[in-house]
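We count residues from 1, following the sequence as given. Counting starts at 1 for both ligands and their atoms, following the listed order.
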Amino acid sequence: MPPKYHRILLKLSGEALLPEGAASGICMKSASHIVAEIKPIVDAGVQVGLVIGAGNIYRGATASAAGAIDQVQADTMGMLATVMNSLGLQSAFDSAGMPASVMTSRNLEGVAERFDRRRALNHLSKGRVVVFGGGTGNPFFSTDTAASLRALEIGADVLLKATKVDGIYSADPVKDKNAKRYDTLTYLDVLGKDLKVMDATAISMCMGHNLPIVVFDVFKEGNLEKVVMGANLGTVVNG
Ligand code: UDP
């Protein structure tokens, strides 16, 4: 059976690379696990773009809320931290023998290529995974919004939002045993119920261009492949 999606944008939180029990850092074992989950879909011919956050290293809004640094500077540091994660993932792809390019929102000559839509599409068409680092390149945005932006720019069929839980719940399922899991939601449901799965800017961008979002548990082995093949997993957000 052919995959349901031919070109995807996978959004991972920086926390996906957080070493167990640590407050910050990059765990290369976790990076390798993620790469192992991506391999079968690349082998099946699916084009994969990736955006990773930096919650495992630095978040601008959290840092600036303490008052010692202004948010523009702190967000720039956050964006650079996403580049560190992107390079970590690239190394994990290298180790797995999978070609992967890192493209950044700002010039980082000698570190990674500057984002260029045509070049990104060229990489994808050659079977290379493209990791989009550096967020949108602008402060006051999140990597969720960067994921929506890059997904739209590369013409992805879907934005896959990887989380630690198996979809969107009415409340935090860890804290509330009555929390209900949704199979499908509209963009307006997510915004109206303030479900905090992605920030409102990211959801609005997807809504404006009818880009479906699938929220699923990426840490369960084989889940990513199942979602891409069309299994009913997680929560689908669409119009
Ligand atoms: N960031 C930014 N602009 C962007 C994307 C990210 O300024 O377009 C900064 C911001 O400080 C943010 C940090 O990079 O807190 C890390 O991104 P994010 O918080 O989205 O990471 P995640 O929560 O996904 O790990």
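- Within ligand 1, counting atoms from 1 as listed, the ones closer than 4.0 Å to a heavy atom of Thr136 are 4 (C), 8 (O).
- Considering only non-hydrogen protein atoms, atom 20 (O) of ligand 1 sits nearest to Thr143 OG1, 2.5 Å.
- With distances taken over non-hydrogen atoms, the option nearest atom 15 (O) of ligand 1 out of Gly135, Gly60, Pro139 is Gly60.
- A salt bridge links Asp183 with Arg181: the distance from a Lys NZ or Arg NE/NH1/NH2 to an Asp or Glu carboxylate oxygen falls below 4.0 Å.
- Ranking protein heavy atoms by distance to atom 5 (C) of ligand 1, first place goes to Ser142 C, 3.4 Å.
- In summary, the atoms of ligand 1 found under 4.0 Å from a heavy atom of Lys11, numbered by their order in the structure, are 24 (O).
- With salt bridges taken as basic N to acidic carboxylate O contacts below 4.0 Å, none links Arg118 and Glu153.
- Within ligand 1, counting atoms from 1 as listed, the ones closer than 4.0 Å to a heavy atom of Gly55 are 21 (O), 22 (P), 25 (O).
- In this structure, atom 10 (C) of ligand 1 lies nearest to the protein heavy atom Asp75 OD1, 3.3 Å.
- No hydrogens or angles considered: a donor-acceptor pair under 3.5 Å links the side chains of Glu113 and His123.
- With respect to atom 3 (N) of ligand 1, the closest heavy atom belonging to the protein is Asn138 O, 2.7 Å.
- Between Tyr187 and Cys206, some side-chain heavy-atom pair lies under the 4.5 Å cut-off.
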Audit row: Thr186, Asp189, side-chain hydrogen bond (donor to acceptor under 3.5 Å, both in side chains) steps and yes/no: CA-CA 5 Å; Thr186 66; Asp189 286 335; 3.2 Å; yes

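- For the pair Ala61 and ligand 1, the shortest N or O to N or O distance does not fall below 3.5 Å.
- For atom 14 (O) of ligand 1, the nearest non-hydrogen atom of the protein is Gly78 C, 3.2 Å.
- For the 3.5 Å distance criterion, the side chains of Asp199 and Thr145 qualify, holding a donor opposite an acceptor.
- Within the set Met198, Met77, Arg59, the minimum heavy-atom distance to atom 23 (O) of ligand 1 is found for Arg59.
- Nearest protein heavy-atom contact of atom 6 (C) of ligand 1 is Phe141 O, 3.6 Å.
- For ligand 1, none of its N or O atoms has an N or O atom of Gly134 under 3.5 Å away.
- A salt bridge does not link Asp116 with Arg119: none of the charged nitrogens is closer than 4.0 Å to a carboxylate oxygen.
- Of all protein heavy atoms, the one closest to atom 21 (O) of ligand 1 is Ala54 N, 3.0 Å.
- Residue Leu191 is grouped with residue Ile168 when hydrophobic side chains (ILVMFWY) are merged at heavy-atom distances under 4.5 angstrom, including chains of intermediate members.
- The shortest N or O to N or O distance between Asn56 and ligand 1 is not below 3.5 Å.
- Ion pairing between Asp144 and Lys11 holds under the 4.0 Å rule for side-chain N and carboxylate O.
- In summary, of the residues considered (Ile52, Val131, Val51), a side chain to side chain contact (heavy atoms under 4.5 Å, CB included) with Leu12 occurs for Ile52 alone.
- Any N or O atom pair closer than 3.5 Å counts here, and Glu15 shares no such pair with ligand 1.
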